[in-house]
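The analysis underlying the following values was restricted to heavy atoms, covering all of them including side chains, and did not include hydrogens, waters or symmetry mates. Throughout, numbering of the chain's residues begins at 1 and tracks the sequence. Numbering of ligands and ligand atoms starts at 1, following listing order.
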Amino acid sequence: MPHARFTHLLNQQRSYLPPEHGKSSAWICGEEDYTAICRQALEDPQDFWNARASLLLHWFKRWDRVLEADEVNHKYRWFTGGKLNAAFNCIDRHLISGRRNKAALIWQGEDDMAKRCYTYQMLYTEVCRMAHALSSLHIRKGDQVALYMPMIPELVIAMLACARIGAVHTAIFSGYAEGGVRSRIQDARARVVITADGAIRAGKVKPLKANLDPILEKCPSVAHVVVVRHAGIENVNMKGRRDIWWHDLVDDFTLNADFPCEAMDANDPLFLLHTSGSTGKPTGIMHSTGGYLTYAAHSTQWCFDMRDDDVYWCTADMGWITGHTYGVYGPLALGATTIMFEGVPTYPKPDRYWRIVENFRVNILYTAPTVIRSLMREGEAWTERYEHNSLRILATVGEPINPEAWHWFHKHIGDSELPIVDTWWQTETGGAIISPMPYATRLKPGSACKPLPGIDAAVLPSPAQDGEDGDGAGHLVIRKPWPGMMLGVFNDEAKYQSYFSRFGCYESGDGARVDEDGYFWILGRIDDSINVSGHRLSTVEVEAVLTSCPDIAEAAVVPMPHLLKGEGIYAYVLTRDEVPWSDALRKSLRDAVRRDIGPLASPEYIQFVEAMPKTSSGKIIRRMLRKIAANALEELGDTTALANPQALPAIIRGHQNLLQGLPESAPAEEGGEVFAGGSE
Ligand code: PRX
């Protein structure tokens, strides 16, 4: 069980009632309504999901069965026999429902003057052209297309063009570096990669296409690369018949060239998205067309109380699951207006978000606690310059929101009135699982509140009590299937089964507590993941990069509390014999991680150690290393299981020295060699 960093939240008794104003027209209007719907949904889930899928989506053919469950193999197939197309649901049907000229996608570039707006009709046109273009590259139903793209409208167009054809898109966050991109393209066996000349971020241009070129040499499945001209990079190397400019490719197709939607089976995959798992290899989570889209539309409507005239902004990068579900599929399936922003919150000044809110009269703002903490640090003066009275609902995702950030957001952006919807979910769950309903739930800052109607979430103790659960903390599981649940793990059935092996139902990998009112308090990951600024990273992946450096014999990577990022990365490394400890080595290790995984995974601290704490069978005891990194020395627990207890005092001393900027070892006491440690 993770260190209960958030247990103090449980003592935070202050709660906030949902707003009265607007309640009567809400989708879920009040606690009684919510309780009644939950009861109904749990009593007859099939009837509940049957009704939601009928109401929310357009089906070319209705399903034969709502759910086919193979409990032995944990295979759950929703809406079997049903036929639909995600792009049709996100675009075409709105053309005949009075939304043809409504803004579907508003894009704000990093340059304040760079704006684009696509109506549903315009989106339809561009998606059809791209679908033709992909088809001309021989992309067919079931083929994989990788999207390594910045936050530009072409990313959404590419996603929907794939959906239209029935191709499976697999987005790769543009912040990933070589190893992260390569492993994803290889695992997906992508036939086409769509990218841009570069991504613009905080005034700098990251050359995406140039980064991609060496990677593609090791990706034999890729036949074509489509490149969007975006960042103004000159002399982009376009390789022979492989590389094509986006504008040249779509130019062949006229503006009125309809591309008919492929009728997809409800359980055909819509997309593949890799997440960091407990092994070094990224886990390719597959989502279905029918179940996923139903759940995306359902949860968007209820968690954000989405109404037809809302302008909605999910700040997440589309390369993550949040961008997929709540930037693209959920809002567009409901016919809403969704905003896409290319920049970062603090560049060129920390007013970007508030300018956008004022400029586009945003009604619903969905962001991450790490963003709130960084803006909070900049002070209220930046928020006060702008009107934000268009806002109706605030929401967060990705990590627990600490009460300080919650209260700041509530007071300064929500005028002490607006509900804050803290949504807990994962790449695997497809959509929000635990979340307040904005007009129905009494809020407790720091708690994601209660499961959505139709979700049977619970906290279970470890089957074999490891003595660490204590205080009612346990494993957060979901006992019954729901339509947003992943279809499987691409090419890795054993990994898929591992989600069910411990409890016989879906295990999230998070620790949680439930309080006396039935509110869920998320305690963080139990497995080997670290949540840096709401981004899930694998410790094993980082360790693999560190140990691939010739000077390093062993590495152990653990999370540490971080004021802004929520969690940061703390790495313990053991150098090979004779390799001196130095800041230069630290830097080269950091550079290796940045180069291979991306800057996101760069360790906050790298501590050299003389030995790792180990069991008698030679396993590194990471639990103790976590406690040391978190400065929770009093919680080290029973150290008798250590085969080398003498290692611990030296590691603790090294840690304290590192924090104070002193050399890590205490050579006088150890009688060893003097190492050139240094501050971070
Ligand atoms: O630990 C939980 C944390 O993010 C993990 C999922 O990461 P990912 O699959 O990348 O998806 C992120 C966006 C949905 C979870 O296992 N997490 C997500 N939302 C919350 C959270 N932790 C606490 N509170 C949340 N609201």
_is_close_aromatic(H410, W406), centroid dist under 6.0 Å_ =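 Aromatic pair counts; centres sit under 6.0 Å.
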*Ring centres under 6.0 angstrom apart (Y326, F304)*: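 So the answer is yes for these two rings.
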_Worked check of side-chain contact (heavy atoms from CB on, under 4.5 Å) between M149 and M318_ = CA-CA 9 Å; M149 299 174 77; M318 305 292 186; over 6 Å; no
*Name the residues with a heavy atom less than 4.0 Å from ligand 1?*
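Residues near ligand 1: I321, T322, V397, G398, E399, P400, D422, T423, W424, W425, Q426, T427, D510, I522, R525, N531, R536.
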*Consider only side-chain N and O atoms of E604 and Y570, and report whether a donor and an acceptor are under 3.5 Å apart.*
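The answer is no; no qualifying pair exists.
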*asked:* Keeping S288 on the side-chain end and Y292 on the backbone end, is there a donor-acceptor pair under 3.5 Å?
replied: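 Judged by distance alone, yes, a pair lies under 3.5 Å.
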*Could you tell me whether the side chain of D305 and the main chain of Y439 form a donor-acceptor pair under 3.5 Å?*
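No, D305 side chain to Y439 backbone: no donor-acceptor pair under 3.5 Å.
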